[in-house]
Structures are given as C-alpha cells and as structure tokens.
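Notes to accompany the following structure.
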Number of protein chains: 2
Amino acid sequence: MRRSTLEEVAALAGVSKMTASRALRGSSDVAEETRRRVQQAAERLSYVGNRLALSLSSQRTNLVAVVVPSMSNTVFPEVLSGITTGLAGTGMQAVFGISDYDEVKEREIIRDMLSWQPSAIIVTGLDQPHDTVRMLKSAGIPVIQVMDLDGTPIDFNVGLSHGDAGRDMAVALLAAGRKKIAYVGSALDKDLRAGKRKAAFQRVLAAQSLSFVSEQLDDGFSSIALGKRLTAHMLAAKPEIDCIYYSNDDMAAGGLFACMEAGIIVPSQIVLAGFNGLDLTDSLPAPIATSKSPRRAMGEAAARLITDAMKDGEKSSGEAGPKTIVFKPPITGLKQGWT
Amino acid sequence: MRRSTLEEVAALAGVSKMTASRALRGSSDVAEETRRRVQQAAERLSYVGNRLALSLSSQRTNLVAVVVPSMSNTVFPEVLSGITTGLAGTGMQAVFGISDYDEVKEREIIRDMLSWQPSAIIVTGLDQPHDTVRMLKSAGIPVIQVMDLDGTPIDFNVGLSHGDAGRDMAVALLAAGRKKIAYVGSALDKDLRAGKRKAAFQRVLAAQSLSFVSEQLDDGFSSIALGKRLTAHMLAAKPEIDCIYYSNDDMAAGGLFACMEAGIIVPSQIVLAGFNGLDLTDSLPAPIATSKSPRRAMGEAAARLITDAMKDGEKSSGEAGPKTIVFKPPITGLKQGWT
DNA sequence: ATGAAAGCGCTAACAT
DNA sequence: ATGTTAGCGCTTTCAT
C-alpha cells in the first residue's frame, strides 16, 4: 500500500495542495468547512505526511542530534531522557547516536547526524579531536557539549567539573580521617571524565604528600561485577586499606558487595566512594559516598538552551542567554566521624 | 556559515552535479582523476551532504524507527544498544522514540516517526490499540514487535513469552518448597508485560489451590528504592512469608536490601524472585532468582530481521525467513534444597 | 565517463 | 480564503 501524498488528499478534498497543506497544519486562514473536508480526506487515506519533503522545502528539520558514548551505562539514557523531556511540546525532536567511546566512530556518527540537517546538536564532553570540532563548527548550528566543563567549549556548555568532583571527594575523604586510600577503576583511556576525577583526586593527595596506596585498573567497561572482582583482589592483597575511590558508582557498588562477602564492615572499616549518584546508592545495605550528578537536569538544561537559542534566532536579537550552565554535584553518603 | 551543496562542490571541481554525486558515492564509472578532484573539493568545503534531499530523491531513508516505553529502566537502552549493534555496517540507522508507557503518546510518536519515511519500524510489545495498529499496517514497511510474544503480531515478532516466564518461575519456586508466596509490584497498569507474568504466576498458584498470601502494589515506576520500601512494609505486616515474587529485578534487589536491613536471611528464610536478569543480580550479596531475558540479543535479532527483509525485498523473492523469533529466558539464582 | 532533464513531496512567496 | 509558481538538494533516467 503506497503512502498517500498531500496531492491525493487535496484531490479527494477538492482543493489545491496548498490549501490542504494549510488546513492540515492548522493555518488560521482556511475556511472551517474546507478544513473539515481536508481533514476527513487525510483521515480516509491514513495520510501521514512526508517530513523529508517538508524539511527540505522549509529548510528546517526541528531535529536535535544527540551523540552519547554508550547506552549500557544508565547515566546516558538518563541524560537522553532529560533531553526528550525538555524538548517535549516544543516541536523539536531528539535523535540519538552512540559512539561506543570511540573517537573515530564519534566523528562518523556526527557526520551522519549532520547530514540530516539537525537544528542543533548535543555531544558528550569537551574532548573531541580537531577535525570533529571543525566539522561541528562548520555545521552552522548551535552545538551543546554536555556532562563536562573542564575544557574549551565550542559553543554552549552544560555540565559539571569532573576535576572539581574528584578534588572535592578527596578533600571530603581526608576530612573524614581516611589515610590509606586506594583506587579502583576501569576503561580510563575511554572514559576521560573518570580520568579527570582521578587526576584531581591525586593532586589533593599529593598536596598532603600522600598517594594511592594501591591501584586496580582494568580495560573493561565499568560494571558492578567488575568492581566486585577488582575490589576482592585488592582487599586480599592489601587489607590495611581504609578507603577506596572508584571510577564510578557501578564499580563502587560492586566494591561494597565484595566487602560484604569478605566480612569487612562498610563504612567503619573501609569507606567506599564512587561517582554519579545512581538511584541505587540510596538503597544499598551500607552507605557508599558519591557525587550526585544531575543527569536528567543536565539533559533538560541542554534542551532548554536549544529552545532558547531557536527563539533568539527568530527574533534575530543580540544576546543569547548564558553559554555555560554549571552544575555542582553534592556529595552524599559520607558522614563525619568515621575516623 | 551556510552549508555547502553538491552543486558548489561540483563547480569547484569543474564537473557536473551528477559526476560529483557519483564520485562521492564511489560509483565505479568515474575517472580516477575526476574522483580525486571532487573529493578534494568536498574536503575543502567541509561538504556534508543533505540526506533529506538524498532520501526524498531516492525514495529510501535507510532509517529504522524504534519506539520504547522508557529510557529509565536499563532494559530498554540495552535493547536499543542491541539494535544499533545489529544495524552497524548495514547502512541502516536507528532512530529512537520514547512513549513513556502512554498509548496516546506512543501513537503520536509512531506517527511522527513514520513521517520520516523509515524503512522499518520496531515497537515494544503486542498491545498497541487498534488505530495504532492500523497506522503501522498502512505504513507499508516491515513492523517488528519486540520483547513480548503473548498476542497477535502485526508482522514480525521477536521476544519471549511473559506468560511462560511467570508460569515457569511459579513452578520453580513451588518446586523449591516455597508455600507462602507474596507479590510486590508497581505500575502494572502501564507495564503490561509484568502484568502478564503475574497473571500466569497466579494461575499456577490457583492450580495448587494457593494464592498470594500478600500483595503490595504501587503506582510509581519500578525502582530499587520502591522495592525496598514496599518489601519492608510487607515483612513488617506478614513475617511468615517465605517467598516474594516481584514485578522485576529492580524491585527484587530493593527487596533484598530490605531483608538485609531487617536481618532476614536470603534465601534460607525467604526467597526473592524478579525478572530480567539484570547484570546486578550476579553480584548481589545474596542470590535472587530471576528470568534472564536476553535484551541485547533480542535487539540484534530484530535488526537482523530487518536487514534480511530488506535483502528479500530487493530480490523480490518469495519467502522471507521466519516471522517470529522466540527467546526462552533461563531462570538463575535459584537452587534446589532451600526447603 | 560525463551530462541534462525531470522529479521526489512539500512549503515560501507571491498572486488573486 | 485559495491558488500558482518556483524551488529545497539530491538522484534517477536517459542521452551522449
């Protein structure tokens, strides 16, 4: 069953294509009677409308391209969810792409997305290679970089400083009296933001003439299972550790389960700290410290930035709102007095 | 900076639009020298290509529309991930939409997706209302319904029987000697598949003249925190319960944490059972029973069905592979001898 | 191996 | 309030 076209609807309603178009889009100056006939015709034909033609003709797609590194880590779907929510009712629609933490794939996906002529594009992080940045710049649309602030944005920027997050957590753990701190992480070559947190954390330690008493790193992607395994290893080798900083909450939750199996009491014997503030962390049988990143809010903020930019574009007005939106993730799960 | 067009690339290379088009798409009959000149021109202009025009002209988008109910439950991003993986390298590209478990929203999103003229569409479940089904049918493209098998498919179907899953779990729990079984669930009016599992579970109980000794239901979406809260309530009221079936693993994991806080030993005192087989379930400090649904594999199977259908479409050949792909989720986390 | 003409389905801009 | 003309940027088809 071939899809019916506007022309067919118009013919059935006995009007011109143009009138049919106006009627269906709810233009004001169409006779009520005409509108009804057109709508009935469209209904009868199950008319759907061809947005390729619409967008090509009108020169705007109302598409927002979004590129994230992964769908496996809950964090990114949550951001996407926020973006979708923020875009709801604006006529804009998000389209998602996954880069698999791969710069080359990311470039190809961005190119691909740009070929659909989106009205704006949201990408993860600030660490795109030069040629990707060049491509983004020459697209001539608002570019929003989300989730990270540590770097030089192309255009708009929404996120949090992972350097600050790592630093703050180190300060908080030291303030809680922890001295023998270890690190457990994974895929740091791919997850650059986790690397920034770790580096900042280490800088704080170094300032106190301290360093990680042990490190467990793995190439695989972060997961509860991996965090559990690496932690079990580490605890077996270095039982004197009194604190572990993890690349994120998944790993830290796994660490908690490893401690429980080893009969090590959290947090009195050992404090565990992650990053993200996954919902999970509020329900665990023992507290783990974490930085609560507002994923959904970041997504919504990015969406808002775009809708605002579109409005400003229309009015061709001068100033276009703030270019950077800063979030500060609070630390939870860490109480004083655990010395 | 306005986006450059094929015409501009062609002009810069000193050839016609058509030759430039062929050169960029790697058509065989273009002089090597010409091809080089065109590619250089494209490079110089950061030419990206307009897929709206391409698709409008060529009458195919190579887009696969995918509609899922949510991004908050990890399960769906995993399916999307599988679809993306399965589509990689085929020239097809997935586009995602979220229905928020709302039939009306779902219809509008499907309509919207169809307006982009996708080459195929994947939707979640078999329970779309009539008018949505009608719309899908009249789209004239392959329709793949995923994640559920209990119902009448429109076209292709990939998934598992939630009825069977609920039944099998009931049988297994009874075989493990559990008698006082309770149910904890949420959003059953929206998550129809969880409802199917529960109903089938109850049928098994009824056949043994049993029924749930207690039920805790909630309107909110499933989460670890909610599972924990509802379980704590239930255990306080009915300490004699020796088994709880949950609407899914998130809820069950929360249930486990509630038991741990209450000092109730899992699984000896109480067996907890969920659904999905989240990665989490392999690492928890006590086992919870679950049906491992192969989310990623289901996504990949759906993708494969589509790529096969496209090939068959080309050859215009008769038979088009199996229309239904059945997955059987194994039960894990449940050992005999817990009587 | 290259080019010219026509058209994909729609809307913008200008009539009337 | 309705219609006409032109064209969005590309590919298809047919020439050469």
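Residue numbers start from 1 in every chain, and the chains themselves are labelled A, B, ... in the order their sequence lines are given, proteins ahead of strands.
At a threshold of 4.0 angstrom between heavy atoms, the contacts of A/S55 with the nucleic acid are absent. Within the 4.0 angstrom heavy-atom criterion, no nucleotide atom of any strand lies near A/R35. Contacts of A/N50 with the nucleic acid, taken as non-hydrogen atoms under 4.0 Å apart, involve only primed sugar atoms and P, OP1 or OP2. Using a 4.0 Å heavy-atom cutoff across all strands shown, A/L54 reaches sugar-phosphate atoms only and no base atom. Counting non-hydrogen atoms under 4.0 angstrom, A/R60 reaches the backbone sugars and phosphates but no base.
The CD atom of B/E8 sits 11 Å away from the P atom of D/dC8 (whole-angstrom rounding). Summarising the geometry, the separation between CG on A/L56 and P on C/dA12 is reported as 12 Å, rounded to the nearest angstrom. Protein atom CD of B/Q59 is 19 Å distant from nucleotide atom P of D/dG9, rounded to whole Å. Atom CZ of A/R22 is separated from atom C1' of C/dA15 by 11 Å (rounded to the nearest Å). Between B/L52 atom CG and C/dG9 atom P there is a gap of 15 Å when expressed in whole angstrom units. One can place NZ of A/K17 at 19 Å from P of C/dC14, the figure rounded to the nearest angstrom. In this structure, A/L24 places its CG atom 13 Å from C1' of C/dG9, rounding to the nearest Å.
Using a 4.5 Å cut-off on side-chain heavy atoms (C-beta onward), A/S55 and B/W116 make contact. Residues B/D127 and B/D148 are in side-chain contact: their nearest non-hydrogen atoms beyond the backbone lie under 4.5 Å apart. Between B/M71 and A/M71 the shortest side-chain heavy-atom distance falls below 4.5 Å. The closest side-chain heavy-atom distance from B/F156 to B/V143 is not below 4.5 Å.
Counting only distance, with no hydrogens or angles, the side chain of B/R111 and the backbone of A/V48 share no donor-acceptor pair below 3.5 Å.
Contact check, B/Y47 against D/dG9: no side-chain N or O comes under 4.0 Å of OP1 or OP2. Regarding contacts with the backbone of C/dC10, every side-chain N or O of A/S21 stays at 4.0 angstrom or more from both OP1 and OP2. One finds no side-chain N or O of A/S16 lying less than 4.0 angstrom from the OP1 or OP2 phosphate oxygen of D/dT2. For the OP1/OP2 pair of D/dT11 and a distance below 4.0 Å, the side-chain nitrogens and oxygens of B/R25 include at least one atom meeting the criterion. Distances shorter than 4.0 Å separate some side-chain N or O of A/T19 from OP1 or OP2 on D/dG3.
A salt bridge is defined here as a Lys NZ or Arg NE, NH1 or NH2 lying under 4.0 Å from an Asp or Glu carboxylate O, and B/R51 with A/D112 meets this definition.
Closest contact between the side chain of B/A31 and the listed nucleotides C/dT11, C/dT2, D/dT11 involves C/dT2. For B/S58, counting side-chain heavy atoms from C-beta on, the closest listed nucleotide (D/dT11, C/dT2, D/dG9) is D/dT11. Across D/dT2, D/dT11, C/dT11, the shortest atom-to-atom separation from the side chain of B/L6 is found for D/dT11. In the set C/dT2, D/dC10, C/dT11, the nucleotide with an atom closest to the side chain of B/T5 is D/dC10. Picking from C/dT11, D/dT12, D/dC10 the nucleotide with the shortest atom distance to the side chain of A/M18 gives C/dT11.
Side-chain atoms of A/R3 stay outside donor-acceptor range of the base of C/dG9, with no qualifying N/O pair under 3.5 Å.
Annotation: of the two residues near DNA chain C, B/V15 and A/R51, the 5′-most nearest-nucleotide partner is B/V15.
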